[in-house]
Enquirer: 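I have a structure I would like to understand better, so I am pasting it below and will then ask my questions one at a time.
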Amino acid sequence: MRKGVTTLNIALGNEFGRISPVDEQISFTDNFKQQQILIKRQLQEQQKQAETSKQSEAPQQVYTYKALEEVMKLNNLGVAKKKNGDIEYKRLADGKTVCTDVGNQMMISKEMQSPENIKTFLELAIDKYGNELKVNGSQEFKKMVIESAAAHNLPIILKPAALQEQLMERRKELALEAKAESLDSVSNEAGQQIKQQAPEAQPEVPQAEIKQHSEEQSAKSEMLFTESKVQDSSKDKLQQENNSTYDIKFTYDRKAAKYNISINGEAAKSVIDKDPNALVALKQHPDIQKHNVPTSELQLGAITRTESMKGGNRPQNMMLDSVGKEVKQEKANSKDMER
């Protein structure tokens, strides 16, 4: 008896997909023996691949195999056994038949040939017939078989050989795509980390603007320094003026009938010209205010003797401060000594 190669077909006007042995139908016992031989070969091949993978740095393809019970559970399938011996695999959710096992072949209708159902169909075929499957049918069906087997890493060897070559090529393409996505993911994560760690880039400022800004800051600093010096000078001057005292004396000129005024031993007019604050102090003199002496006479440094000044009412010599308050002689002498 010849060893059989399982076949996955689209027959009956491309309306059904079928799986069947290439040779004549064999008994259950012989089929079981063949399955045991095939399983033994698969284990030997897997052991060989494992030994080869230990010697090679290149990663080996990891295939996904599911037993019949697991396939049924994951896809929520049930079975319906017909009188003629056929077994229909139905979806428990809506009762629709996904595929049919007629003993020597498995079939899937064209309307049920979705990517999900093709994957389930292949897993059921692998569980019954092993890993080597011959595929016949439309180009669309073949492409779906290749895509499903590659995308889900199903342990399948396709016949004819051209389909197996296409499957191997598609596996390589998906592996490269997964590697590229992994590299992109690592690159994006690294970029995000660098972006989070790196300080925010500051816009580059033209040299001309930097120079202009520096000159403006320098000019502003110089102006503030000048203003500060002026303020300090004004404060010093004001403090000096506040600390000034004016020794005011009146000398009577009989011929002119006037009192000549001296301030700190100098003619009042000369002192007032140099120190306007001396006039302010002079105007606050009690006798000047008492006799209503005109400011014009004070500025000239000589005041006319009026009737109110006669009879012992002449202006009295007095020491005044910058606001016209009297300074006691002892205090004034102390300040003069300090100066």
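In this chain, numbering begins with 1 at the start of the sequence shown. Because the structure is a prediction, the values reported are computed rather than measured.
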Enquirer: Could you tell me whether Glu123 and Lys119 make a salt bridge, using a distance below 4.0 angstrom between a side-chain N and a carboxylate O?
Expert: yes
Enquirer: Do any N or O atoms from the side chain of Gln164 and from the backbone of Lys159 form a donor-acceptor pair under 3.5 angstrom?
Expert: no
Enquirer: More than 12 heavy atoms of other residues, nucleotides or ligands under 6.0 Å from CD of Glu116: is that the case?
Expert: no
Enquirer: Mind checking the OG-CD1 spacing from Ser296 to Ile303? Nearest 0.5 Å is all I need.
Expert: 11.5 Å
Enquirer: Testing the basics here: between Gly301 and Ala268, what is the closest heavy-atom pair and its distance to 0.1 Å?
Expert: CA-CB, 3.9 Å
Enquirer: What heavy-atom pair brings Ile288 and Leu282 nearest, and what distance separates the two atoms?
Expert: CG1-O, 3.7 Å
Enquirer: Does NZ in Lys90 sit with more than 12 non-hydrogen atoms of other residues, nucleotides or ligands closer than 6.0 Å?
Expert: yes
Enquirer: Between CE of Met72 and OG1 of Thr120, what distance do you get to the nearest 0.5 Å?
Expert: 10.5 Å
Enquirer: Taking the side chain as every heavy atom from C-beta outward, state whether Lys142 and Leu158 have any atom pair closer than 4.5 Å.
Expert: no
Enquirer: If you compare all heavy atoms of Ala150 against all heavy atoms of Leu167, which two are closest, and at what distance to 0.1 Å?
Expert: N-CD1, 3.7 Å
Enquirer: Looking at side-chain heavy atoms only, is the closest gap between Asn76 and Arg91 below 4.5 Å?
Expert: no
Enquirer: Check step by step if side chain to side chain contact (heavy atoms under 4.5 Å, CB included) holds for Lys325 and Gln284.
Expert: CA-CA 7 Å; Lys325 291 184 178 181; Gln284 299 301 318; over 6 Å; no
Enquirer: Sub-3.5 Å donor-acceptor pair from the side chain of His291 to the main-chain atoms of Asn313, do we have one?
Expert: yes
Enquirer: Look up atom CD1 in Ile272 and atom CG in Leu298, then write down how far apart they are to the nearest 0.5 Å.
Expert: 6.5 Å
Enquirer: Are Leu74 and Leu77 connected in a single hydrophobic cluster, I mean Ile/Leu/Val/Met/Phe/Trp/Tyr linked by side-chain heavy atoms less than 4.5 Å apart?
Expert: no
Enquirer: side-chain hydrogen bond (donor to acceptor under 3.5 Å, both in side chains), that's the test. Do Thr304 and Lys258 meet it? Break it down for me.
Expert: CA-CA 4 Å; Thr304 304; Lys258 292 184 177 183; 4.5 Å; no
Enquirer: Should the pair Lys73-Glu70 be classified as a salt bridge under the 4.0 Å nitrogen-to-oxygen rule?
Expert: no
Enquirer: Look up atom CZ in Arg170 and atom CD1 in Ile146, then write down how far apart they are to the nearest 0.5 Å.
Expert: 10.0 Å
Enquirer: Given the ring of Tyr252, does Arg314 sit roughly above its face, with NZ or CZ under 6.0 Å from the centre of the six-membered ring and within 45° of the axis?
Expert: no
Enquirer: Is it possible for you to say whether Leu122 and Met168 belong to one hydrophobic cluster, with membership spreading through side-chain heavy-atom contacts below 4.5 Å?
Expert: no
Enquirer: What do the steps show when you test Asn75 against Tyr89 for side-chain hydrogen bond (donor to acceptor under 3.5 Å, both in side chains), and what is the final call?
Expert: CA-CA 10 Å; Asn75 294 279; Tyr89 293 91; over 6 Å; no
Enquirer: Taking Ile87 as the starting point, is it possible to reach Val71 by hopping between hydrophobic residues whose side chains are less than 4.5 Å apart?
Expert: yes
Enquirer: Is the CD atom of Glu69 crowded by more than 12 outside heavy atoms at less than 6.0 Å?
Expert: no
Enquirer: On a heavy-atom basis, which atom in Ala281 and which in Asp321 lie closest, and how many Å separate them?
Expert: CB-O, 3.3 Å
Enquirer: Report yes if some heavy atom in the side chain of Cys99 is under 4.5 Å from a heavy atom in the side chain of Leu124; otherwise report no.
Expert: yes
Enquirer: In terms of side-chain geometry, is the basic nitrogen of Lys310 or Glu307 positioned less than 4.0 Å from the acidic oxygen of its partner?
Expert: yes
Enquirer: Please report the interatomic distance CZ(Arg305) to CG(Asp253), rounded to the nearest 0.5 Å.
Expert: 12.0 Å
Enquirer: Side-chain heavy atoms under 4.5 angstrom apart, residues restricted to Ile, Leu, Val, Met, Phe, Trp, Tyr: same cluster for Ile157 and Phe121?
Expert: no
Enquirer: Please name the pair of heavy atoms, one in Ala278 and one in Ile263, separated by the smallest distance, quoted to 0.1 Å.
Expert: CB-CD1, 4.3 Å
Enquirer: Hey, does Glu169 have a side-chain heavy atom less than 4.5 Å from the side chain of Glu173?
Expert: yes
Enquirer: Which pair of heavy atoms, one from Thr97 and one from Thr100, lies closest together, and at what distance?
Expert: CG2-OG1, 3.7 Å
Enquirer: Any link between Ile156 and Leu68 through a network of hydrophobic side chains (Ile, Leu, Val, Met, Phe, Trp, Tyr) touching at under 4.5 Å?
Expert: yes
Enquirer: Of the options His285, Gln316, Met318, which is the one that meets Phe250 in a side chain to side chain contact (heavy atoms under 4.5 Å, CB included)?
Expert: His285
Enquirer: May I ask you to decide if Val98's main-chain N or O and Asn117's side chain share a donor-acceptor pair within less than 3.5 Å?
Expert: no
Enquirer: Would you say the side chain of Val271 lies within less than 4.5 Å of the side chain of Asn264, judging by non-hydrogen atoms?
Expert: no
Enquirer: Counting only heavy atoms not in Lys269, do more than 12 sit closer than 6.0 Å to its NZ atom?
Expert: no
Enquirer: Is the closest side-chain heavy-atom distance between Val323 and Val280 below 4.5 Å?
Expert: no
Enquirer: What I'd like to find out is whether the side chain of Tyr246 reaches to under 4.5 Å of the side chain of Val327, using heavy atoms alone.
Expert: no
Enquirer: Once rounded to the nearest 0.5 Å, what's the spacing between atom OG1 of Thr295 and atom CG of Leu300?
Expert: 11.0 Å
Enquirer: Quick check: do Met309 and Pro315 have side-chain heavy atoms less than 4.5 Å from each other?
Expert: yes
